[in-house]
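Here's the structure, in structure tokens; my notes come after.
Worth knowing before you read on, the calculation uses all heavy atoms, side chains too, and leaves out hydrogens, waters and symmetry mates. This one's a predicted model, so the numbers in the text were calculated from it and none came from an experiment. When a residue number appears, it is its place in the shown sequence, counting from 1.
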Amino acid sequence: MKRVVVGLSGGVDSSVAAYLLQQQGYEVIGLFMKNWHDDSVTISNECPWLEDSNDALLVAEKLGIPFQTVDLSEEYKEKIVDYMFNEYEKGRTPNPDVLCNREIKFDVFMKIALSLGADYVATGHYCQKSEIEVDGKTVYQLIAGNDINKDQSYFLCQLSQEQLSKALFPIGALTKPEVRKIAAEMELVTAEKKDSQGLCFIGKVRLPEFLQQKLQPKEGKIVQIDKNDPIYNVEKPAELSLEEDLKIEAQKLHYLPTMGKIMGKHQGAHYFTVGQRKGLNVGGTTDPLFVIATDVETNTIYTGLTSSHPGLFKKALFVGESEVHWVREDLKLNAGEKMEVMARIRYRQPLQKATLHQFEDGMYVHFEEPQSAITEGQFVAWYLENELVGSGVIS
């Protein structure tokens, strides 16, 4: 009998995952991860981990499976919290959920599970896994979840073949309503529980307060750039190589405070992210202002009117060589090669047509349509049909 450790989060998805594995004849063990918790920045009682661990325990009791809590706050702090501060300090916008899966759930947590004699680790993610044979070797595929509205393959875009080989996703073929229905039929306490939002580890958190613990607030200017600014009329030289052309398409525009009019003040450029419109607190404009760039060196935020401002759009992005990751290592591109894919630059985004171009020092992802708010530090993931084959950090 194969043994599976399920990460019970106290939510409905992992509860049903545990139940389904039990039905499939696995020996199931429930583990709840206690993660970094700082009361000073969570919004009171919105997401107390005690309530979640209690719900996880009740589900385990109902299913009659062994249950324990593991405290991973040390590893969390080191691998996720510190990484977030470092990224924000550099003016990038990290994605803690992707990291959390790579570094915690399918690494630290997986090692604990394997030390308990488990053959697999299961989670309540909406994605699927299948396997094929390539040159006589088993290759694991990461497939999108059947529920298109809920597909979470993006969050697992940094997993390796080794991690996938030991992973199970029992609810990946179901839709959310089907999952809730099973939980209700089984009378699981989590059946009606609403989905948790926010960072994977702090529950609902006020990001600026969280960041202020390490990054001191400092006042800076909010500058508005006109959509007809000459910076958007880039004349490309005629005789460009493909790489040079892509480099121009992907490059960051360099704004100066003198290029626009000052609209107001802010408390620190690193609290803002490209594409953001809330929290600027600038009134008196005909249309909403969107952040088009931040500069942590000069502590300036650049904004533009409306979501169609040219400062928000680019057709290409670059991923440095050390940050290119292939889930399907057998499909890896060599320098000079290219691949037609479907890609997304954020979790909820519909897939976009794109071409990967691999060079010595990294990869360009060139989109058919200009993309809004390509954000440094976030992950781009690429797919062949419904299979996620690779990803990288936008640089």
Check: residues 220-229 side-chain donor-acceptor pairs under 3.5 Å, at least two apart:
residue	atom	partner	partner atom	Å
D226	OD2	N228	N	2.7
D229	OD1	I231	N	2.9

*Does the side chain of V319 come within less than 4.5 Å of V380's, by heavy atoms?*
yes
*Can a salt bridge be assigned to the pair E329 and K137 using a cut-off of 4.0 Å between side-chain N and carboxylate O?*
no
*Does the D147 side chain pair with the main chain of Y126, one donor and one acceptor, at a distance under 3.5 Å?*
no
_Just checking Q24: does its CD atom have more than 12 heavy atoms from other residues, nucleotides or ligands closer to it than 6.0 angstrom?_
yes
_Test item: Q358 and E321 side chains (from C-beta on) under 4.5 Å apart, heavy atoms_ = yes
*Are the side chain of D151 and the backbone of A144 linked by a donor-acceptor contact shorter than 3.5 Å?*
no
*Before giving the answer on salt bridge (Lys or Arg N to Asp or Glu O under 4.0 Å), spell out for E249 and K315 the whole-Å C-alpha distance, their side-chain angles and the decisive distance to 0.1 Å.*
CA-CA 6 Å; E249 290 277 5; K315 277 195 84 163; 6.0 Å; no
*Drop me the distance from Y76's OH to D82's CG, to the nearest 0.5 angstrom.*
13.5 Å
*Does the side chain of L331 reach to within under 4.5 Å of the side chain of L384, using non-hydrogen atoms?*
yes
*Got a sec, which pairs hit side-chain hydrogen bond (donor to acceptor under 3.5 Å, both in side chains) with one end in residues 377-395, sequence neighbours left out?*
Q141-E387, S153-Y383, Q158-S391, R328-E387, R344-Y383
*Would you kindly confirm whether F313 and L246 end up in one hydrophobic cluster when ILVMFWY residues are joined by side chain heavy atoms under 4.5 Å apart?*
no
*Pairs touching residues 300-314 that satisfy side-chain hydrogen bond (donor to acceptor under 3.5 Å, both in side chains), sequence neighbours left out*: T298-T300, T306-S308
*asked:* Looking at K166 and E162, is there a salt bridge between them, counting it only when a charged N and a carboxylate O are closer than 4.0 Å?
replied: no
*Write down the atom of G124, the atom of D13, and the distance for their closest heavy-atom approach.*
O-CB, 3.4 Å
*asked:* Is there a path of hydrophobic side-chain contacts, each under 4.5 Å between heavy atoms, that joins I374 and F272?
replied: no
In a table with atom names and distances, give each donor-acceptor pair under 3.5 Å that connects a side chain of residues 335-342 to protein atoms at least two apart or in another chain.
residue	atom	partner	partner atom	Å
E337	OE1	N334	N	2.7
E340	OE2	T355	OG1	3.3

*asked:* Using a 3.5 Å distance criterion without hydrogens, assess whether the side chain of E75 forms a donor-acceptor pair with backbone atoms of V108.
replied: no
*Look at atom NZ of K261 and say whether more than 12 heavy atoms of other residues, nucleotides or ligands are closer to it than 6.0 Å.*
no
*If every non-hydrogen atom of G7 is compared with every non-hydrogen atom of S14, which pair is closest and at what distance?*
O-CB, 3.3 Å
*For T138, side chain to side chain contact (heavy atoms under 4.5 Å, CB included) partners two or more places apart*: E131, Y140
*When rounded to the nearest 0.5 angstrom, what is the spacing between SG in C127 and CD1 in I143?*
9.5 Å
*Linking directly or through intermediates, with side-chain heavy atoms under 4.5 Å: list the remaining ILVMFWY members grouped with I248, chain and number order.*
V234, L240
_Spatial distance of atom SG (C100) from atom CD1 (I80) [nearest 0.5 Å]_ = 5.5 Å
*Sort and list the pairs that fulfil ring-ring contact (aromatic ring centres under 6.0 Å, His included) and have at least one residue in residues 141-193, not counting sequence neighbours.*
F155-Y347
*asked:* Tell me whether E360 at atom CD has more than 12 heavy atoms from other residues, nucleotides or ligands lying less than 6.0 Å away.
replied: no
_Between L253 and F367, is there shared hydrophobic-cluster membership here, with clusters defined by ILVMFWY side-chain heavy atoms closer than 4.5 Å?_
no
*So, does N299 use its side chain to make a donor-acceptor pair with the main chain of D295 at under 3.5 Å?*
no
*Does some side-chain heavy atom of I301 sit less than 4.5 Å from a side-chain heavy atom of V291?*
yes
*Who passes side chain to side chain donor-acceptor pair (under 3.5 Å) against Q349, sequence neighbours left out?*
Q371
*Are side-chain heavy atoms of F290 and L305 found at a separation under 4.5 Å?*
no
*Check the angle between the aromatic planes of F318 and Y364 and answer parallel, tilted or perpendicular using the 30° and 60° thresholds.*
tilted
*Enter the distance from L174:CG to L20:CG here, rounded to the nearest 0.5 Å.*
6.0 Å
*What residues join V134 in its hydrophobic cluster, counting side-chain heavy atom gaps under 4.5 Å, either direct or through other members?*
I132, V139
*Check for a donor-acceptor pair, side chain of R348 on one end and backbone N or O of N149 on the other, with a separation under 3.5 Å.*
yes
*Shortest non-hydrogen contact between D52 and S9, atoms and distance*: CB-O, 3.5 Å
*asked:* Holding to side chain to side chain contact (heavy atoms under 4.5 Å, CB included), I want the full list of residues that pass it with K90, two or more places apart in sequence or in another chain.
replied: E87, R92
*Could you tell me how the ring of F106 sits relative to the ring of H125: parallel (under 30°), tilted (30 to 60°) or perpendicular (over 60°)?*
tilted
*Would a 4.5 Å heavy-atom cut-off, applied to side chains only, mark Y83 and K79 as touching?*
no
*Check for a donor-acceptor pair, side chain of K129 on one end and backbone N or O of G172 on the other, with a separation under 3.5 Å.*
no
*asked:* Under a plain distance cut-off of 3.5 Å, with no hydrogens placed, do T93 and T375 share a side-chain donor-acceptor pair?
replied: no
_Quick one about T69 and S53 (side-chain donor to acceptor, distance below 3.5 Å, no hydrogens or angles considered), yes or no?_
no
*Report yes or no: do L388 and V365 belong to one cluster of Ile/Leu/Val/Met/Phe/Trp/Tyr joined by side chain heavy-atom distances under 4.5 Å?*
no
*asked:* Within the structure provided, determine whether L58 and E61 are in side-chain contact (heavy-atom separation under 4.5 Å).
replied: yes
_So does T175 get a backbone contact from the side chain of E178, meaning a donor-acceptor N/O pair under 3.5 Å?_
yes
*N/O donor-acceptor pair under 3.5 Å between K193 side chain and G10 backbone*: yes
*Any side-chain heavy atom of M84 within less than 4.5 Å of one from L99?*
no
_The criterion is salt bridge (charged side-chain N to carboxylate O under 4.0 Å, His left out); which residues satisfy it with K252, sequence neighbours excluded?_
E376
*Out of curiosity, does V16 fall in the hydrophobic cluster containing L63 (side-chain heavy atoms, cut-off under 4.5 Å, transitive links)?*
yes
_Minimum heavy-atom distance between D119 and K2, given as atom pair plus value_ = OD2-CA, 3.4 Å
*Contacts of type side chain to side chain contact (heavy atoms under 4.5 Å, CB included), residue A173, not counting sequence neighbours*: Q128, N146
*What distance do H254 atom NE2 and L256 atom CG have between them, rounded to the nearest 0.5 Å?*
9.5 Å
*In Å and rounded to the nearest 0.5 Å, what is the NZ to CD distance from K353 to E369?*
10.0 Å
